[in-house]
Every structure is written in structure tokens, then in C-alpha cells.
Amino acid sequence: MVRITLPDGSVKEFSSAPTVGEVAASIGAGLAKSALGGRVGATGANLAKDGELVDLAHRIEGDSSLAIVTAKNRDGTVSPDALYLLRHSCAHIMAEAIQRLYPGVQLVYGPPLETNFYYDMLFPDGKVMSADDFEKVEAEMAKIVAENRPFTRYELPIADGIAKLEKEGSKFKLDNAQRAVEAGSKSLSWYATGEPGKNWEDLCRGPHVPATGKIGAFKVLSLASSYWKGDEKLDRLTRVYGTAFATKEELEQHVRLQEEARRRDHRTLGKQLRLFHIDEMVGQGLILWTPKGSIVRNELQNFIGAELRKQGYHQVYTPHIGKLDLYKTSGHFPYYKESQFPAIVEGDDLTKLCDSGCSCGELVARIDGVSAQFARELNERTGREVIAQDRVMDADKLINGFLLKPMNCPHHAKIFASEPHSYRDLPVRLAEFGTVYRWEQSGELNGMTRVRGFTQDDAHLFVREDQVAEEVLGCLSLVKIIFSTLGMHEYRVRVGLRDPDGTKYVGDPANWDKAEQACRDAAKTLGVPFSEEPGEAAFYGPKIDFVVKDVIGRSWQLGTVQVDYNLPVRFDLSYTGQDNKPHRPVMIHRAPFGSMERFCGVLIEHFAGAFPCWLNPEQVRVLPISEKSAAYADELVAALKARGVRATVDHGNDRVQAKIKVAAEEKIPYMAVVGPRDAENRVVSVRARGVEANLGEMPFDAFVAGIAAEIDARLLSGAPGTVQAAMTK
RNA sequence: GCCACCGUAGCUCAGUGGUAGAGCACACCCUUGGUAAGGGUGAGGUCGAGGGUUCAAUCCCCUUCGGUGGCUCCA
């Protein structure tokens, strides 16, 4: 007797172990037809969620819970499990189609993803696939779907399975199998698309939909390249992306959403709205902020600057370069050389060296090198060999130079060190919109979100051990103010902690415990879910990161708060304690936006270019009906400007309809249409962005005051208190 | 950095082995029009750059720069 518990709590009894499909059939013919798979779990388990996703043909050997997976859940929502099954199965179908069209193609790995799937494959020498072939592949796939062949699972003992794969000669599949064995698999499973031994098959853990005909809609999307196991020394593979849905409508909607996402892409909007420019001649990854983009950035800086003053920060400025010794002390040079612009070395030094026949290798060594005294002092101070002996050389051989700063902390540390501090003075909070330069790989550059020169809204807090928790909390509250003012709620928080058995960390373990707890506690105050990630801490301290997704689903780290026990030692920072003895401060690095560039890029997508009034480059556009109302329009703009509102008037020769269209395209939050009637009654006719209708008339002075108030309060568009809200009540 | 694809007017994009086109934007003229495009005229391009093949290259080939999508990488 096998007892199956269904999601509604009812129990079905079977005399012998039923398959998922048989259970479905026992419930109803309709369900049997639409069933794609099931989730099984032990009796009492939280059904559906915790169970294991299995084939329809899976036999349930003992008492168990079972949720039948169909394309749509009972509440009409699309089932992620169903999409997983569909996409995994479709990956097989695509692989079969491609192997038919391109004999000799070797398969590697083909998993389903959140919105699509891919299959990595190795094309034989000289053969390639191009986007032009997608139609051909789709046609071949359509045939396989039309044949409605069943996905048939069979298993082999490990030894037999490995022997089979060895005979077939695919090192990729053999490797997959070996890894499955290492991970604890007791046998190896194959899925034939049809009949084993007769039809196409693939080594696969499953599960799959019952038959190819269940794939309602699919599309081959794109090609990319990848490396086997992500290692560029191994085989270069072709990755073919596709997606599948239960119905054509869902696929079409997905395609529409993708198009919408592309329209929201900050690179597209940035060009359309003239927010920033990247110029070939200036360089890759170097952002030119246009007048409009600069307004957005400047407003953000003013906003955060005001918050910083409230929290007791001091504004500082530091130069864009520093001597190599500074970064040799901080440890950034030469260890992070790969991601730094090359050192700036004086021309005379280089000429002399070249004349003396100095090799490139030697040149590099002399730039990287330090004096014996430098090495001894730093190694003693840190208690570790942070400077290896092979970097030590005679002082007269060293070449000094400068580095474009990759971070601001060394400069700030030197400001702190420039005067003595009492324990009473701490915390010292130094803030700077500091521009840093990093040599990112060219393939990694992306609009404003990954660049080579960027400005961090950086600050370094020099605090006593007992102040770490409170200051971390203060940093987080700043982040919270920023995110809530901007209506950004879709972010993830990562708390990076020590690896439990790691030895690479500097600082006292007891202090680490306290700092980690401080980070956890602070993260809790944000009221959003956060993940603790052991091993993700920097070697110098725990950290809290904020991660958001862009419109095409890529994750970007924005703000960060990091506790640092390392730099204070390296720079020998100290303060005088109550005991009149020197004590080591702790540094907290924090950048709530992360970088102005990345943050603005993400913000453009967050608002789809429709910034709230306070941030928008242009806040009000006045549209005179005709030249007859030009003077009244000018008067309105002058009144708005007097209140600090960014307003312009469209004196163009167009009809008001055309002016509205242009202003709407520029995503200006408010339009004030003025004609003879308005002038006579001292009113303006108001339109708000995103609202089709004319909102009606508002007295001249009330409009000016209302807009100014909305801006001062930094309200989100349409929020209570805005002019728009007042007029749509 | 690696692989694939792409690069034509300010923007979005057509097109061709015989040195180029549209729409929008821009300028000028007509129009003075009450809520998402009035009409006309005109200006604007070494077809990313360099080299090669060819009688002839924007088009074919090579190199290079830049972009996009992935991979790898982000102290």
C-alpha cells in the first residue's frame, strides 16, 4: 500500500507503487493530459516547495507527498517548475536538431536558466553556426516537437555507463559523468528522445517533460562563446541560447518584455536623453557627463552631501595621483597591478635606463621594488612578510613614480595621520567624491555600470573598537535614506563574513566576531532580506554589499560598507587613549552609491529615464499656444527660475500638440501650457509626465510654489504632496 | 584579455563591386494653431581607420580602433 498526499491534504492510496502520471490519471483525465512532471517529498514535508522535481514516469516507491506540475498553477500563475522542465527538454531538442544539421558536433552541457536555456557544444574544425542558421535549427526542432516523441529515461550502473561513454568517445560527457559520480550518484541516467537505442539520447540527470510535443513555443535566441569549465586554457565552446514556453502567447510576451527592457537600457536612454557620452577618442570606459547628466549627478551629490553634514562628516579633497610608495605601503601596488593603469614614471629616469640597456623585466622590478628599510618597517608593523625579500633592492636602483589612484583610502589615511588624535575626537569621518581609475578588461566595460574612471561617494571613518557597531549602523542608515528617497526597494544585501577555517585574515579574532555581529545587526535594520556569505569578507575585514539588477537581469554591486583592520596598521595610524597610550583605530570604508557612474546608470533604468522632478535635468517646460502668449510664458519661466526650478519655454513655431510630444519624449515631469485664456486668468494648464489627460488649471503662484515645494521635498513622481497628486485627487 | 556578431548623416536604420538613401532632429519660409507630429524648401556623409584584391571597393580579404552579446575578471 502506497499513500500519496496531495497539496490539498487529501490522501490517495495505491496497491502498488504508482508513477506520477498514474496518480495524475487517478485524479482526472484533464490533469493527466496537462501534467508535465511532479514534485515528490516525504510525507509531512512542505509539499511542492521542498520536494524533488521528477518525471511523469517516475515511480513513487513509498508513502510520499506529491504535487503534480502543470504549465499553470491552480491560481493561473505560470509554474517555474514547468518552465524548468520545458526548457531543459527543449535544450535536448535543440541539441538533437543541431547535431542533425552539423554532424560531428559534440555536446557538453545544457542547463535551463531563469528565463532561457543554453547548450554548450564543440563544433568540428571549420564548422560554425551563425545567427542566420537559427531558422533552420528552429525548423528542425519543430519537426522533433511535431513527432511528439516521449522522453525515455534509462539508467546504467556506473561502470557500464562509463564504459558506454568511453566507447562513444565524448570526453565532455565522460567528465560530466565522472563529476556526477564524485558528487555521489549511484548510477548514470540517460534520456532518449523516443526509444533508447533507436532515437537520439543524452546523458542527463533529468527530469524532462513526458514528450517533445509538450513544448508549446520555443525560439533560438543567440550565440556566444564559452570555455569548457570556464577555463580559457580548455576547449572553446559555442554556447547556443534558446528559450521555451508552454504557449505561443507567453513566448511573445517574453519577447515583448525583452524589447521593453532594451528600451530601458541606460545606454539607450542615456543617448536619447543626452545624459552622458562615451567618446572613442577620450577612451573606453571613460564617461563624459553632459550638462543634463551632470545635473542628475549634482543633485544626487547635494542630496547625500546634506545627509553627510547631518551625520558629522568632514568633506575633503585629494589629488588623482599619489606616489608609488603610498600604494606600496597600502599594499595596492604592485599586487593589484592587473587592474591599475600603468605607473607614471619620469621620462628622464626611463631614458637613462634605456640608454644603459636595462631590460623590461628589470625596469618592472625596479618600479615594483622597495628599500630594505621600507620592507623591514612594514613587515615589522604588520607582523607578517607583506613585502617579500625578493622585492628588496638597493635604494639607488629604485625608480619612483606615481600611480593614478585606484582608491581613495590611502590618501584619507594620510589626512588622518597628519595630526594627532585623542580618543575624544573619534570617530573622524572623512568624505570625498573621489575619482578613481581602474584598468578593467576591455570586454568587461559596459555603459556607465562598468567603467575605467569613476567617482566614488567615498568616506573613511576612523573609529575606536567600541564605536564600530554604531558607525556601521550609521552608514547603513544613510543607505536606507538614499534607497527609500529614490524608491529603490529591489536590492539584495550580502554580508561578507570570514571563512570559518581561513587563516588569511588580519586582526584580532575577537574583534572580528564583534565586527561581524555589528554588520549582521546593521543589515537587519534595513528591513530587506540579506544573505550571510562566509568566505566573502575581505582579508582585512567583514563587509556589507548592496546589489541590484539591471533591466536585462545583470547584477551590479552598488554601495558597500567595509570594516578594515589592515590599513591602520600599514599606515601606523594611532590615537591617544584614555590611558595616555597610543591605540590603533579601525577604519570603515563606505560608499552608499558605490560609484556615481554605476549608480546613475542603474538609476536611469530604475526610473526608465523618468526621473522624479527634483532629479530631472529639466523640471518644467512651458508651452505657449502661440507667439501671442510668449510674454506670459517668459514671465512664468522667470518666476520658476527665481525659485530655483529648472524651467524652459518652447518658443518654437510648432503647434502645442507637437510641443507636448517633444516634451513627453524628453521625459520632462511637468508641462505648463499657456495661452491667452490662461494669461487673462493668471493660471497655467498643467500636464504631468505619464498622464494622458490635461490635469486642468492652477493659479500661477500656486503652480510655482507647488513645483518648488515638490522639488525641495525630493518627492517621487506622483507621490502625495506633488503637484500631480494635488491635481489628480 | 578570449570568441561571435556589428560599425553608413546628430539619432534610428535601409542599400549597392560602378564613390549613397529614408524617417526624426537641424536651418529657412508659409502657417499663430488650446493638449502626443500643420505644410514647404534646404543643409548635412572620405559609408570607423589603415592596407590589399580589382579597370573600379562603402560592399570582397587582412590588420587595427570602437560597440554589442557571452566567457573570464572586478581589491
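So that the names make sense, note that chain A is the first sequence line, chain B the second, and so on, each numbered from 1.
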Between [M] and [N], how far apart are the [atom1] atoms? Round to whole Å, please.
N: G67(B); M: C29(B); atom1: P; value: 42 Å
N: A9(B); M: A22(B); atom1: P; value: 14 Å
N: U46(B); M: G34(B); atom1: C1'; value: 49 Å
N: G48(B); M: U16(B); atom1: P; value: 15 Å
N: A49(B); M: C6(B); atom1: C1'; value: 16 Å
N: G52(B); M: G39(B); atom1: P; value: 50 Å
N: G15(B); M: G69(B); atom1: P; value: 23 Å
N: A4(B); M: U8(B); atom1: C1'; value: 22 Å

For [X] and [Y], take the angle between the two ring planes, folded into 0 to 90°, and tell me which bin it lands in: parallel under 30, tilted 30 to 60, perpendicular over 60.
X: Y437(A); Y: F341(A); result: perpendicular
X: H412(A); Y: H460(A); result: perpendicular
X: F703(A); Y: Y670(A); result: perpendicular

State plainly whether the residues [X] and [Y] are in salt-bridge range, i.e. N to O under 4.0 Å.
X: D325(A); Y: K323(A); answer: no
X: D175(A); Y: R179(A); answer: yes
X: E680(A); Y: R677(A); answer: no
X: E665(A); Y: K661(A); answer: yes

#### Entry: First of A224(A) and Q557(A) reached from the 5' end of RNA chain B, by closest nucleotide
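Nearer the 5' end of the strand: A224(A).
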### Query
Of V662(A) and E440(A), whose closest RNA chain B nucleotide lies nearer the 5' terminus?
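The residue mapped nearer the 5' terminus is V662(A).
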### Query
So, for Y632(A) and F700(A), is the gap between ring centers shorter than 6.0 Å?
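So the answer is yes for these two rings.
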Write down the distance between [atom1] ([X]) and [atom2] ([N]), rounded to a whole number of angstrom.
X: R494(A); N: C74(B); atom1: CZ; atom2: P; value: 12 Å
X: H277(A); N: G67(B); atom1: NE2; atom2: C1'; value: 13 Å
X: F276(A); N: G67(B); atom1: CZ; atom2: P; value: 12 Å
X: L237(A); N: A4(B); atom1: CG; atom2: C1'; value: 13 Å
X: L234(A); N: C3(B); atom1: CG; atom2: P; value: 16 Å
X: Y241(A); N: C3(B); atom1: OH; atom2: C1'; value: 13 Å
X: D545(A); N: A75(B); atom1: CG; atom2: C1'; value: 12 Å
X: L122(A); N: A4(B); atom1: CG; atom2: P; value: 14 Å

[X] vs [Y] side-chain heavy atoms within contact, under 4.5 Å:
X: R452(A); Y: W439(A); result: yes
X: V586(A); Y: Y565(A); result: yes
X: N566(A); Y: M587(A); result: no
X: M407(A); Y: H589(A); result: no

### Task
Mind running a 4.0 Å heavy-atom check of residues 585-599 of chain A against RNA chain B and sending the residues that fall below it, in number order?
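Nucleic-acid contacts, sorted: none.
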### Query
Does R239(A) make a cation-pi contact with Y118(A), if we ask for NZ or CZ under 6.0 Å from the ring centre and within 45° of the axis?
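Yes, a cation-pi geometry holds between R239(A) and Y118(A).
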### Query
How far apart are the closest heavy atoms of L113(A) and R87(A), and which atoms are they?
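In terms of heavy atoms, the two residues are closest at O-NH1, 3.9 Å.
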### Query
What nucleic acid atoms does S222(A) come within less than 4.0 Å of, heavy atoms only: base, sugar-phosphate, or nothing?
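Nothing: the residue S222(A), judged by heavy atoms under 4.0 Å, touches no strand.
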### Message
Taking any heavy-atom pair under 4.0 Å as a contact, classify Y118(A): base, sugar-phosphate, or nothing.
### Response
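Y118(A): no heavy atom of the nucleic acid under 4.0 Å.
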Can you give me the N/O atom pairs linking the protein to nucleotides 10-12 of chain B at distances under 3.5 Å, or say none if there are none?
residue	atom	partner	partner atom	Å
U12(B)	OP1	K271(A)	NZ	3.4

Could you go through nucleotides 43-51 of chain B and list every protein N or O atom that sits under 3.5 Å from one of its N or O atoms, giving the distance for each pair?
none

Verify the contact: side-chain N or O of [X] to OP1 or OP2 of [N], cut-off strictly under 4.0 Å; return yes or no.
X: N446(A); N: G67(B); answer: no
X: R438(A); N: C74(B); answer: no
X: Q284(A); N: G66(B); answer: yes

When you check the side-chain N and O atoms of [X] and [Y], is any donor under 3.5 Å from an acceptor?
X: R494(A); Y: S531(A); value: no
X: E697(A); Y: N681(A); value: no
X: D678(A); Y: S685(A); value: yes

### Task
Sugar-phosphate atoms are those with a prime plus P, OP1 and OP2; base atoms are the rest. Using that split, label each nucleotide of nucleotides 33-39 of chain B B, S or - for protein heavy atoms under 4.0 Å, 5' to 3'.
BBBBBB-
### Listed nucleotide nearest any side-chain atom of R239(A), set G70(B), G1(B), A75(B)
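The nucleotide sitting nearest to the side chain is G70(B).
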### Query
What's the closest nucleotide to the S225(A) side chain, out of C3(B), G1(B), A75(B)?
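Side chain of S225(A) sits closest to C3(B).
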### Message
Using a 3.5 Å limit for the pairing distances, which stems of at least 3 consecutive Watson-Crick or G-U wobble pairs does RNA chain B take part in?
### Response
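Output for stems: B:1-7 with B:65-71, B:10-13 with B:21-24, B:26-30 with B:38-42, B:48-52 with B:60-64.
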### Task
Please identify each residue that fulfils ring pair (Phe, Tyr, Trp, His ring centres under 6.0 Å) with W289(A), with sequence neighbours left out.
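With neighbours one apart ignored, the set is empty.
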